[in-house]
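One structure is given below, encoded as structure tokens.
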There are 2 protein chains.
Amino acid sequence: MIPRAAKTQRRTRIQEEKEEKILEAALDVFSAYGFRGATIDQIAEAAGMSKPNLLYYFRTKEAIHRTLLDRMLFTWLEPLRAFDAAGNPESEIRSYIRRKLEMSRDFPRESRLFANEILQGAPHIEDELKGPLKELVDEKAQVIRAWIKAGKIAKCDPYHLIFSIWATTQHYADFDVQVQAVLGDKSGEGRFEDAARHLEELFLRGLKVEKPSL
Amino acid sequence: MIPRAAKTQRRTRIQEEKEEKILEAALDVFSAYGFRGATIDQIAEAAGMSKPNLLYYFRTKEAIHRTLLDRMLFTWLEPLRAFDAAGNPESEIRSYIRRKLEMSRDFPRESRLFANEILQGAPHIEDELKGPLKELVDEKAQVIRAWIKAGKIAKCDPYHLIFSIWATTQHYADFDVQVQAVLGDKSGEGRFEDAARHLEELFLRGLKVEKPSL
DNA sequence: TGATAAATTGACCGATTGGTAAAAGCTTAC
DNA sequence: GTAAGCTTTTACCAATCGGTCAATTTATCA
């Protein structure tokens with residue numbers, strides 16, 4: 001009878017399965033229509049259950065949304081967290097770009113969920129942006145700044161550099177329809193590699209110090 | 001009595017004014033919530049008129065949305081149209097970036113309207129993307145390819161280069177909340193110039209031929 | 001097995017959705 | 001002024017919204 005936070009504190013197998021199914025369906029709907037555009041009925045149907053049954057596991061529409069966002073935010077920042085100050089600048093930037101691009105390829109719905117949220121003013125995650133996200137970016141910006149001062153990469157604004165990497169990589173998930181429309185349906189397979197090669201070259205050439213070793 | 005396409009074929013002064021006011025309000029709402037998330041009541045209130053009055057000028061919610069998209073799509077592509085094959089590659093790319101960035105600064109709502117539409121699968125403008133947009137991009141990609149062949153800029157994929165410019169410039173409109181959260185509310189004025197300088201340097205350095213004039 | 005708790009459902013709620021009908025108010029040209 | 005057409009409003013509609021309730025079915029475990 002007690003849906004969330006059961007007495008035993010341990011979640012049932014059924015609970016686990018159904019909640020997963022709901023979140024899976026909700027990710028489809030929220031990422032496609034945004035928070036306000038999504039409806040509980042739609043999510044319930046996609047999850048293959050009745051609306052009251054869905055609301056037995058998540059008390060409100062917002063609860064589902066929040067759970068999805070929380071989950072996503074953590075993994076979303078993982079590539080940036082992996083950004084290593086001790087590593088080689090070129091390979092660090094290269095692998096960061098690649099990791100972010102892989103996420104766009106493998107988790108496009110998560111990317112769109114996030115994009116929808118930001119686009120609509122980030123009403124549910126403003127604190128996370130101004131807190132944990134900002135702190136992490138500040139930290140990594142310092143790393144980049146150190147590389148610049150050490151003459152390892154060309155001078156540039158670290159924050160805007162990070163923004164550029166975010167923008168270009170996430171573009172392939174968020175604006176996929178447009179990318180496909182422009183490129184035509186040809187080259188469905190090689191598309192990811194083409195984008196990866198292009199971005200790596202663009203950023204690494206753009207950051208190479210003027211006179212490498214002369 | 002006949003709202004749209006009046007007998008006289010000429011639109012009244014009042015019609016002109018009210019339609020403009022509706023579109024202005026609708027741009028606010030659609031860009032903030034997406035098509036499904038927006039409501040006619042909300043638009044009507046923002047436009048300072050009753051819902052039936054609004055529906056006297058635009059028969060459906062979709063009609064408003066379509067009008068906004070049609071208007072926007074044309075001006076949105078203007079910078080790319082201005083991309084001149086006869087011009088100097090460096091200055092053409094530089095001014096294209098700047099123009100796109102100016103649009104993000106001056107018309108953020110239009111950018112978000114477009115972003116929302118694409119994010120949600122471009123259900124209303126798929127044809128425009130696969131038609132006019134694709135053709136225009138194909139044309140300009142040829143220009144870039146010619147520049148590459150002539151050795152004027154470094155080798156790169158012209159399509160992905162255009163995507164990168166779109167992504168990075170529109171990022172400042174679409175993800176403004178995130179940008180502000182990360183940068184803090186400091187430097188509100190210089191932000192645009194910082195971004196412009198960063199993007200110009202990134203792309204121009206990234207496209208410079210290896211051995212400029214040796 | 002039976003009892004107890006968990007899971008599921010149909011019926012329903014008030015509020016809001018996109019949109020309509022019709023009549024009243026307002027402009028404008030003659 | 002007045003008649004015709006343009007504009008605006010009040011009242012309303014069926015459908016859908018997020019969510020509740022009580023009752024029923026199903027799983028769990030002693």
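A, B, ... follow the sequence lines: proteins, then strands. Residue 1 opens every chain. This one's a predicted model, so the numbers in the text were calculated from it and none came from an experiment.
Distance Ile43(A) CD1 to dC17(D) P: 11 Å, rounded to the nearest Å. Spacing between atom CD1 of Ile22(B) and atom P of dG19(C) amounts to 13 Å, rounded to whole angstrom units. Atoms NZ (Lys51(A)) and P (dT8(C)) sit 17 Å apart, rounded to a whole Å. For Met49(B) and dT7(D), the CE to P distance is 11 Å, given to the nearest whole Å. Atom CZ in Phe58(A) sits about 19 Å away from atom C1' in dT20(D), given to the nearest Å. The separation between Glu45(A) atom CD and dG18(D) atom P is 13 Å, rounded to whole Å. Computed from coordinates, the Gln42(B) CD to dT17(C) P distance equals 8 Å when rounded to whole Å.
In the set dT8(D), dG19(C), dG18(D), the nucleotide with an atom closest to the side chain of Asn53(B) is dT8(D). Comparing atom distances between the Pro52(A) side chain and each of dT20(D), dT20(C), dT17(C) picks out dT20(D) as nearest. Taking only side-chain atoms of Tyr56(B), from C-beta outward, the nucleotide of dC6(D), dG18(D), dT9(C) with the closest atom is dC6(D). Considering only side-chain atoms of Ile40(A), the nucleotide from dT8(C), dG18(D), dA7(C) that sits closest is dG18(D). In the set dT8(D), dG18(C), dG19(C), the nucleotide with an atom closest to the side chain of Leu55(B) is dG19(C).
Between dT8(D) and Tyr57(B), a contact under 4.0 Å exists linking OP1 or OP2 to a side-chain N or O. Remark: Ser50(B) is in phosphate contact with dT9(D), judged by side-chain N or O atoms under 4.0 Å from OP1 or OP2. Look at Gln15(B) and you won't find any side-chain N or O under 4.0 angstrom from OP1 or OP2 of dC6(D).
Side-chain contact check for Glu117(A) versus Leu113(A): every heavy-atom pair is 4.5 Å or farther apart.
For Phe83(A) and Trp147(A), the ring centers are positioned less than 6.0 Å apart.
A donor N or O paired with an acceptor N or O is not found under 3.5 Å between the base of dG19(C) and the side-chain atoms of Lys61(B).
Nucleic acid contact class of Lys18(B) (heavy atoms, under 4.0 Å, all strands): sugar-phosphate only. Across all strands, Thr39(A) comes closer than 4.0 Å only to sugar-phosphate atoms, never to a base (heavy-atom distances). Counting any heavy atom pair closer than 4.0 Å across all strands shown, Ala63(B) reaches no nucleic acid atom. Residue-level contact check: Ala38(B) touches the backbone only, with heavy atoms under 4.0 Å from sugar-phosphate atoms and none from bases.
Formation of a donor-acceptor pair under 3.5 Å by the Lys130(B) side chain with backbone atoms of Gly184(A) is not found in this model.
Both the sub-6.0 Å distance and the 45° axial angle are satisfied by Arg81(A) relative to the ring of Phe74(A).
Between Trp76(B) and Phe114(B), the ring planes lie tilted relative to each other; the angle falls in the 30° to 60° range.
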